[in-house]
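Taking it in order: structure first as structure tokens, then the write-up.
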Amino acid sequence: MNVVTRIAPSPTGDPHIGTAYIGLFNYVFAKRHGGRFILRIEDTDRSRYNALSEERILAMMDWLGLDPDESTAVGGPHSPYRQSERLDLYREHVDRLLKEDKAYRAFETAEELEEMRNEQKRKGLDPGYDGRSRCLSSQESDDRAASGEPFVVRLKTPLDGTTRVVDALRGEITFDNREVRDVVLLKSDGYPTYHLAAVVDDHLMGVTHVIRAEEWITSTPIHTLLYQAFSWETPVFVHMPLLRNPDETRTKLSKRKLDTSVDSYREQGIIPEALLNYLALMGWSMPDGREFFSLQEMIGAFSLDRISLGAPVFDPKKLRFMNAKYLRDLIPLENLTRRVKTLFESAGFAWEDDDYLLDIVDVLRPRVETLNDFVAHAGYFFEDDFSYDDQAKKKLASGQKYLEDLEREFSMLEFFDYDSVDDLVHDYVQEQGVGMGKVLQPLRAALTGRAQAPSVTDLLVILGKRKVMQRIGRALSYINAGLPDDKPQRPEKAKNATKTRHEAA
RNA sequence: GGCCCCUUCGACUAGCGGUUAGGUCACCACCCUUUCAAGGUGGCGGCACGAGUUCGAAUCUCGUAGGGGUCACCA
């Protein structure tokens, strides 16, 4: 079987985590079977339509590396891939259902429907369209439509019996047809609803496997009935468990409870490899239990029977952990440095030699969780006029003598390579007869303005003799000036703080 | 509320009749250590409940409870 899957996002706002999640599984399933993966834009809701959204969804997929074989961007044999451009197709199919008496026009206004629901509520009945327009004669229906009266087209669902749907993960699910309402297929504005558009497009585009979120299970009988009405073969339905909010409610992922925008994770410095890997773990596991694997490895090992049906809670903490693991262990240094370089550039950092970056990234990577952390931690590698934080000041206060000695010692050191520097420092500490920390912590503070930073030897070597001498000198004059408080007491804003920081230098 | 789906440590999960119920995150302790990390070792902690099937159930069946989804001219 030639497998075809699709993802059908609605362009209504920020690219959603859930779209990435379902996209991943559709992509992987298709690739696993040598099939095609389609991205179709479901823009049939004009009221929620967001013009920028489609582009951002495409960009998200591109960033994740889930490249569709067919889409609004790359085209394909079933163009167009934007539902708003396929209106004639839906109209055509609705006409067919109308002609075959499998659907009917309904002329109720929004107010009438509202009233109907209120009455149902009063009587304690289940709410839902009661089929009141079913009995309209075709003559009356045609006349009223011809006269320009607005109408919708509804599916004529069976009044009794059951509809069986098969979910590949759950088996057969049976619905009583009385539970299935005469849903709207075509809205009064001429746009199709999801039900009609998805079924028509999935069929026309040759979709063989519909992998979507669990929330669609209860509308699957509608789709099954539609396939039957058209005498089309139904695709295989696979309903993935719904991602849940990390709070106590356990409701489906919502932007009010969690940041669900993929763009936002990207901006935070989460890398696509990590996000994809984390999402893969939501409901699926590798046969060998490995938790870290690439998209390619997932494709190589994927099977539906390893999907678990429990509702997975999206845990940003573990996502960050996985991201950190990728940054420190899994991404090759050169590759990582390329990505960090861009961020350093936009942070306004300047450097002469890219090898400098390689060293910085190398020592910083065990200490970061996101790409952005590199920028937050690397300032002192690029700026000489940094301020000293409170802890650093304390270290400096107790280190004047050592810094003076080391300034002298370093100045006499001819080769500033790792071994020479390391030997010098160790010899010096030894001859002082004190703990390493006594000496190295003030030195670290002098070099970085912080009490927490990478190994001092690494810092010395990476910064190089010139900067080391300059920074020790600067720290000594700062100590001599009595460690002035470089933070203004006045509660004014950042502008002043920056200015004062420079003055402190 | 009706209907539908789901149920193993706090979270993600392995398990597919016989296991001291395994791993990962988080948390805690210890080790390493010039700080912070990283790393190493260990710990805490779970089969929702009740019947039944079986020599034997986390695993199969039924029921109960709990959670979620869905009941739009939104997807």
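Take the nearest nucleotide of RNA chain B for A:L242 and for A:M286: the residue whose nucleotide is more 5' is A:M286. Both A:T249 and A:P312 lie close to RNA chain B; mapped to their nearest nucleotides by heavy-atom distance, the more 5′-ward contact belongs to A:P312.
Applying the side chain to side chain contact (heavy atoms under 4.5 Å, CB included) criterion to A:E291, with sequence neighbours excluded, gives A:L281, A:K318. A:F381 meets the ring-ring contact (aromatic ring centres under 6.0 Å, His included) test with no other residue; sequence neighbours excluded. The side chain to side chain donor-acceptor pair (under 3.5 Å) check on A:R256 picks up nothing, with sequence neighbours excluded. In this structure, the side chain to side chain contact (heavy atoms under 4.5 Å, CB included) partners of A:N335, at least two apart in sequence or on a different chain, are A:I331, A:P332, A:R338, A:R339. For A:E112, the side chain to side chain contact (heavy atoms under 4.5 Å, CB included) partners two or more places apart in sequence, or in a different chain, are A:E108, A:T109.
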I'd like a list of close polar pairs between nucleotides 73-75 of chain B and the protein, N/O only, cut-off under 3.5 Å.
| unit_1 | atom_1 | unit_2 | atom_2 | d |
| --- | --- | --- | --- | --- |
| B:C73 | OP2 | A:R154 | NH2 | 3.3 |
| B:C73 | O2 | A:S188 | N | 2.8 |
| B:C73 | O2 | A:S188 | OG | 2.7 |
| B:C73 | N3 | A:S188 | OG | 3.0 |
| B:C73 | N4 | A:E108 | O | 3.0 |
| B:C74 | OP2 | A:K187 | NZ | 3.0 |
| B:C74 | O2' | A:D45 | OD2 | 2.7 |
| B:C74 | O2' | A:R48 | NE | 3.4 |
| B:C74 | O2' | A:R48 | NH2 | 3.1 |
| B:C74 | O2 | A:R48 | NH2 | 3.4 |
| B:A75 | OP1 | A:T44 | OG1 | 2.8 |
| B:A75 | OP1 | A:K187 | NZ | 2.6 |
| B:A75 | OP2 | A:Y194 | N | 3.2 |
| B:A75 | O3' | A:E42 | OE1 | 3.1 |

Hey, what are the protein-to-nucleotides 4-6 of chain B N/O distances that come in under 3.5 Å?
| unit_1 | atom_1 | unit_2 | atom_2 | d |
| --- | --- | --- | --- | --- |
| B:C5 | O2' | A:R170 | NH1 | 3.0 |
| B:C5 | O2' | A:E214 | OE2 | 2.7 |

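Sequence neighbours left out, the pairs with a member in residues 155-167 of chain A that pass salt bridge (Lys or Arg N to Asp or Glu O under 4.0 Å) are A:D101-A:K156, A:R164-A:E172, A:D167-A:R170. Applying the ring pair (Phe, Tyr, Trp, His ring centres under 6.0 Å) test to residues at least two apart or on different chains, the pairs with a partner in residues 103-134 of chain A are A:F107-A:F151. For residues 434-452 of chain A, every residue pair satisfying the side chain to side chain donor-acceptor pair (under 3.5 Å) rule, not counting sequence neighbours, is listed here: A:K395-A:Q441.
Annotation: the span from A:D201 atom CG to A:R6 atom CZ amounts to 9.0 Å, rounded to 0.5 Å.
Under the 6.0 Å cut-off for aromatic ring centres, A:Y418 and A:F416 do not qualify, their centroids lying 6.0 Å or more apart.
Of all the residues in residues 12-21 of chain A, not one reaches under 4.0 Å from RNA chain B with any non-hydrogen atom.
Across all strands, A:M282 comes closer than 4.0 Å only to sugar-phosphate atoms, never to a base (heavy-atom distances). A:G435 comes within contact range of no nucleotide atom at all, as no heavy-atom separation falls under 4.0 Å. Across all strands shown, A:R244 has heavy atoms under 4.0 Å from sugar-phosphate atoms exclusively, and none from any base. A:R178 comes within 4.0 angstrom of nothing in the nucleic acid, heavy atoms only.
The two residues A:K102 and A:A229 make their nearest non-hydrogen contact at NZ-O, 3.0 Å.
Under 4.0 angstrom from either OP1 or OP2 of B:A14 there lies at least one side-chain N or O belonging to A:S285.
In summary, A:K187 and A:D189 do not engage in a salt bridge, as defined by a charged side-chain N under 4.0 Å from a carboxylate O. Ion pairing of A:D390 with A:K394 is absent here, as no side-chain N (NZ or NE/NH1/NH2) approaches a carboxylate O to less than 4.0 Å.
Distance check on atom C1': B:G10 versus B:C27 gives 9 Å, rounded to whole Å. Here, B:C73 and B:C12 have their C1' atoms 40 Å apart, quoted to the whole Å. Nucleotides B:G67 and B:A48 are separated by 11 Å at their C1' atoms, to the nearest Å.
In this structure, CG of A:L253 is placed 15 Å from P of B:G68, rounded to the nearest angstrom. Atom CG of A:N245 and atom P of B:G10 are 20 Å apart (whole Å).
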Sugar-phosphate or base contact per nucleotide [nucleotides 25-35 of chain B; S, B, -; heavy atom under 4.0 Å]: S--------BB
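Pairing partner, B:A38: none, since no Watson-Crick or wobble contact has both distances short of 3.5 Å.
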